[in-house]
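Data first, discussion second: the structure below is written as structure tokens.
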Amino acid sequence: MTFSPQPPTQPPGPTGHTDHAHVGHGHDHGHDQSPPPGHSHGHSHGHGPAAPVSKHLRKVIAAVLIPFAVAVFVGMVVLWPGGAPAHERSGVGFDRQTQQGRVVSLEQVDCKSVNASQVPTTGNVTTPEGREAQAQQTGDCKKATIEVGTGPDKGRTFVEIVQPGAPRQLEKDQGVVVAYAPDAPRDLQYSVVDVNRKLPLAVLAGIFAVAVVVVGRMRGMFALIALVVSFGVLTLFILPAILQGSNPLVVAVVGASAIMLIALYMCHGLSARTSVAVLGTLVSLLLIGLLGSVFVDWAFLSGNTDDNTGLIHGLYPDIDMSGLLLAGVIIGSLGVLDDVTVTQTSAVWELHQADSSMGPRALYRAAIRIGRDHIASVVNTLVLAYAGAALPLLLLFSIANSSMGSVANSELVAEEIVRTLVGSIGLVASVPVTTALAALVVSADRPGAPAGAAASGPVRSGRGRRRKR
């Protein structure tokens, strides 16, 4: 969200100039540049970020954030897992041994000749399963020869039959992912479980990185580095620590705080403005954690609602699945919170630069109007993002003609409702919290007179001209 406030018009002084001090670089330019009559100096010579706040305020902010950063660091050291725990693979779902493979040949065969499908013994073809089986019996199947490309059996081939109604069709020379079942008969040890999508995903990631750097330049480069660091914290700390049996909520709070500190300061610089955004994000995360904990317990959400969570619970029964659900709410809300808090803090700073005479109340009222627009757009985006992710599930409920109350009451949908609403409440709360903090901080910035005089450079005369020395 881009905000470009226009400097408000101030009453002109006796000579037609605005009645406020001109801030220079702290040295003489060596020549006299007099502004034309009526010209307003609504900016400083320094281009880029806002001027730093006073030394006293920097000390206050540091007194709050340094202990917080130390606590996060200590928490990561104490909870550091040292890697995911080893376990014996179950061969179910994602917990399978996989290798890379390639389709070396493909031929059309009669499905009946390879016994790809059989009509139910009852002969009933009025059911969907019976009709599908009959169609597959009379159709043409694909007989694919797959070569294993990695692992101890590299070079070994096996045959995979692809039925005409299968959602995943194979092509010659296509890369595939094959699962290995060592306990199965030799001819059935390998099977195709997915296609290899690494190349298109890598190209798309490259396009994204180039676009971010071209448009964002150095700021975009730092954003990409922060993104890599965030994924590093997620994969090296948060996930293994949860698997080791640590409390998912505590791990999520510590990990999300680490990501927040690294990402915000790396992308937006080590400044009071960024520190206020960090404080606003922290308060909002605490609110989300509190509300999430209350409503996850109140709604009796177990967090074990599908095959994947069931597999996790089966492999690691000591993991608190409801805590895992709550951890997901906190981590999922962090990215949107960063956007809102940084935008609100920047809005307050820009308003203060445009009119330094505005007090905290006026700054808050002006910036909260910007925040209301941001809330309306971001909350709608958040809800639609969750709805889009759950669209197949919602479609199934629609096919079953289930009432809205029945749909919302099911645990699978109730989880998404709690996740969306708790995150949205924290998002809404972050706007007034961050705006109030920023307005108080920037309004309380009153550098001392000697420091201000030293920083202002040559003093301007009453007629708006610099005195030559």
Side-chain angles (χ1 to χ4, degrees), residues 58-87 221-293 296 303 309 312-313 315-338 341-342 422-423 426 430 434 437:
R58 289 201 298 270
K59 287 181 178 179
V60 172
I61 294 172
V64 175
L65 288 177
I66 289 178
F68 170 63
V70 171
V72 171
F73 177 77
V74 171
M76 291 189 70
V77 171
V78 172
L79 297 172
W80 191 261
H87 74 281
M221 178 67 72
F222 282 120
L224 289 178
I225 296 173
L227 181 63
V228 173
V229 173
S230 298
F231 272 105
V233 173
L234 182 65
T235 56
L236 298 178
F237 171 69
I238 295 178
L239 299 180
I242 293 175
L243 292 178
Q244 290 283 12
S246 299
N247 187 298
L249 177 58
V250 175
V251 171
V253 169
V254 173
S257 299
I259 291 173
M260 174 184 65
L261 289 171
I262 295 170
L264 286 180
Y265 282 117
M266 184 173 289
C267 293
H268 304 286
L270 191 65
S271 65
R273 179 189 296 191
T274 307
S275 299
V276 171
V278 168
L279 289 175
T281 306
L282 175 61
V283 172
S284 303
L285 282 179
L286 293 177
L287 177 61
I288 289 172
L290 177 62
L291 284 175
S293 181
V296 165
T309 54
I312 293 172
H313 185 64
L315 295 174
Y316 299 94
D318 294 333
I319 292 180
D320 180 7
M321 298 304 295
S322 60
L324 186 63
L325 169 64
L326 188 54
V329 173
I330 292 174
I331 295 173
S333 304
L334 179 61
V336 186
L337 278 175
D338 288 352
T341 55
V342 168
V422 167
S430 70
T434 307
L437 286 173

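Worth knowing before you read on, the calculation uses all heavy atoms, side chains too, and leaves out hydrogens, waters and symmetry mates. It should be emphasised that the depicted structure is a prediction, and the values quoted were computed from it without experimental measurement.
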Open item on the list: Can you give me the closest heavy-atom contact between L337 and S284, atom names plus distance?
Closed with: CD2-CB, 3.7 Å
TODO: Could you tell me which non-hydrogen atom of T341 sits nearest to which non-hydrogen atom of G280, and how far apart they are?
DONE: CG2-C, 4.0 Å
TODO: Give, for atom OG of S246 and atom CG of L79, the distance between the pair rounded to the nearest 0.5 Å.
DONE: 5.0 Å
Open item on the list: For the CG atom of L287 and the CG atom of L282, what is their distance to the nearest 0.5 Å?
Closed with: 11.5 Å
Compile the donor-acceptor pairs under 3.5 Å between side chains in residues 254-270 and protein atoms, sequence neighbours left out, one pair per line.
from : atom 1 : to   : atom 2 : distance (Å)
S257 : OG     : V253 : O      : 2.7
Y265 : OH     : S275 : OG     : 2.9

- [ ] Starting at CZ of F237, measure out to CD1 of I242 and round the result to the nearest 0.5 Å.
- [x] 9.0 Å
- [ ] State, yes or no, whether a side-chain contact exists between T281 and L334 at a heavy-atom distance under 4.5 Å.
- [x] yes
Open item on the list: For L234 versus P240, what's the shortest heavy-atom pair and its separation?
Closed with: O-CD, 4.2 Å
Open item on the list: Rounded at 0.5 Å granularity, tell me how far CG in L437 sits from OG in S430.
Closed with: 11.0 Å
Task: Over 12 foreign heavy atoms within 6.0 Å of CZ, F68 - done: yes
TODO: Grab the two heavy atoms, one from I61 and one from A272, that are nearest each other, plus how far apart they are.
DONE: CD1-CB, 3.8 Å
- [ ] Could you tell me the separation between the CD atom of Q244 and the CD1 atom of I319, rounded to the nearest 0.5 Å?
- [x] 10.0 Å
- [ ] Look up atom CG in L243 and atom CG in D318, then write down how far apart they are to the nearest 0.5 Å.
- [x] 11.5 Å
Task: Any V283 side-chain heavy atom under 4.5 Å of L279 side chain - done: no
- [ ] Please report the closest heavy-atom contact between D320 and S322, naming both atoms and the distance.
- [x] OD1-OG, 2.9 Å
Task: Heavy-atom pair of closest approach, residues L291 and V422 - done: CB-CG1, 4.2 Å
